[in-house]
Structure formats: structure tokens, C-alpha cells
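The first residue in the sequence is number 1, and the count goes up from there. These figures come from a predicted structure and were not determined experimentally.
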Amino acid sequence: MSYDPQWPQNGQLVDADRFRGQFSGLKDLIDALNVILAAQVDAVNTINHNEPATATVNLVGNTLHFSFDIPRGGVGAPGQDGIPGQQGPPFAQAIIDAVNTLNAGESATVSVNYDGSNVRFTFGIPRGNDGGQGGQGEQGIQGPPGTNAPNSNAVSTLDTPFADPDVEALKQRVNELILALRA
């Protein structure tokens with residue numbers, strides 16, 4: 001027997017069999033209901049701030065599936081200025097670690113590192129292109145007569161590069177002296 005919401009009427013005598021049938025009908029309705037065992041959010045989408053928020057729900061099997069469209073907030077008023085930060089470490093000095101000669105036509109380079117108190121630079125500067133042949137210069141005056149002084153042909157130049165720029169500059173000067181003594 002199916003459930004009859006109109007039975008019994010007020011003041012009507014109740015028949016036990018029919019009343020039992022009403023209970024069975026209610027139980028059948030309750031048993032036919034889907035039991036929700038889980039809920040799941042499938043999507044949360046951000047939409048423009050002037051669009052209305054929406055929510056959808058679907059029952060798939062025994063699981064509720066939700067999807068939400070939530071508008072982003074509008075642009076707020078600017079905040080207050082923060083408190084000033086602490087004074088940073090003092091800047092000690094700038095140090096040039098190296099100046100390297102690059103081939104003509106290469107781009108100039110510079111690298112900068114900060115070691116906590118010093119700013120350190122390394123430069124790469126291209127040499128210029130060779131110039132054209134110059135004109136004949138004027139005749140110079142006669143030099144003093146030569147002597148049989150020994151030359152430096154037996155002394156090799158220093159060819160090992162040094163990492164310290166001051167030692168490297170000293171090496172270059174020594175090589176210039178050795179080459180100038182060769183006659």
C-alpha cells in the first residue's frame with residue numbers, strides 16, 4: 001500500500017491494517033531516497049569582481065558535487081606606509097679586480113659582485129682596430145755610436161698569468177724591459 005497523505009482525516013476512526021499500510025508506505029518512500037555518502041568540490045573559479053557569485057550542486061550516485069564561481073575583490077584603497085627598515089651595512093669602497101683587453105670588435109663587458117662591504121668590478125675592454133699606414137716622418141738626428149753591450153736575447157719573458165692584478169701589471173712591465181733591452 002502506498003502512503004496517502006490525506007488519511008486519516010481529523011476525527012476519523014483508525015483501522016490498524018490501513019494504519020500499518022501508511023507506515024509501510026512511508027518506509028518505502030524513505031528507502032527510495034538516495035543516501036549521501038560524500039561531498040566533493042569539483043571547481044572553484046575566480047570571476048570578475050562585478051559578477052555575482054554562483055554555486056551549483058549535482059548528485060552523482062551517492063556523492064554531492066559542488067562548483068563555485070567567486071568574484072575577486074575590487075581594488076582597495078592604498079595601505080599606510082610601513083615603518084622604516086634598519087640601516088644597512090656601510091658601503092666601504094669600490095674595487096677594480098681586473099681590466100682585461102678583448103679583441104677588436106668584441107663587446108665591452110663588466111661584471112659586478114658585492115662581497116658584503118665592497119663592490120668589486122672586472123672590466124673587459126676591446127682594443128681598437130689597427131690604423132692605416134702613416135706618412136713618412138722627418139729624418140731624425142744621428143744617434144750616438146753603438147757599443148758592444150750585452151743584450152737580453154737569452155732572457156725569456158714571463159708568460160704565466162697571475163690572478164692578482166698588481167702582480168700581473170708588474171709582470172707586464174718586466175716583459176717590456178726585457179724586450180726593450182733586445183737590440
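Atom OG1 of T101 sits about 7.5 Å away from atom CD1 of I125, to the nearest 0.5 Å. The CZ atom of R120 sits 8.5 Å away from atom CD of Q93, with the distance rounded to the nearest 0.5 Å. Note that the CG atom of N62 and the CD1 atom of I36 stand 8.5 Å from one another [nearest 0.5 Å]. From T63, atom OG1 reaches atom CG of N58 across 12.0 Å, with rounding to the nearest 0.5 Å. Here the CG atom belonging to D69 is positioned 5.0 Å from the CD1 atom belonging to I47, to the nearest 0.5 angstrom. Atom-to-atom distance recorded for D15:CG and L13:CG is 9.5 Å, nearest 0.5 angstrom.
When side chains are defined from C-beta on, F68 counts as touching V41, because their heavy atoms get closer than 4.5 Å. The side-chain heavy atoms of H65 and V57, taken from C-beta on, include no pair separated by under 4.5 Å.
Among all heavy-atom pairs drawn from S2 and Q22, the shortest one is O-OE1, 3.9 Å. Across I178 and V155, no two heavy atoms sit closer than the pair CG2-O, 3.6 Å. Closest non-hydrogen pair, W7 versus Q12, comes out as NE1-NE2, 3.2 Å. Across R18 and D4, no two heavy atoms sit closer than the pair NH2-OD2, 3.8 Å. Across all non-hydrogen atoms, the minimal contact from R72 to H49 is O-CB, 2.7 Å. What you find for D42 and S67 is that their closest heavy atoms are CB-OG, 4.1 Å.
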For this session: Could you go through the side-chain contact (heavy atoms from CB on, under 4.5 Å) check for N103 and R127 one step at a time?
Result: CA-CA 6 Å; N103 292 326; R127 68 175 48 95; 3.3 Å; yes
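Note: the hydrophobic cluster containing V44 also contains F66 (ILVMFWY, side chain heavy atoms under 4.5 Å, direct or indirect links). Hydrophobic cluster membership differs between V119 and I95, with clusters built from Ile, Leu, Val, Met, Phe, Trp and Tyr side chains linked at under 4.5 angstrom.
A donor atom on one side chain and an acceptor atom on the other are not found under 3.5 Å apart for E176 and Q172.
Within 6.0 Å of CG on D130 lie no more than 12 heavy atoms contributed by other residues, nucleotides or ligands.
Counting only distance, with no hydrogens or angles, the side chain of N48 and the backbone of N50 share no donor-acceptor pair below 3.5 Å.
Taking the six-membered ring for Trp and thresholds of 30 and 60 degrees, F19 and F23 have ring planes more than 60 degrees apart, a perpendicular arrangement.
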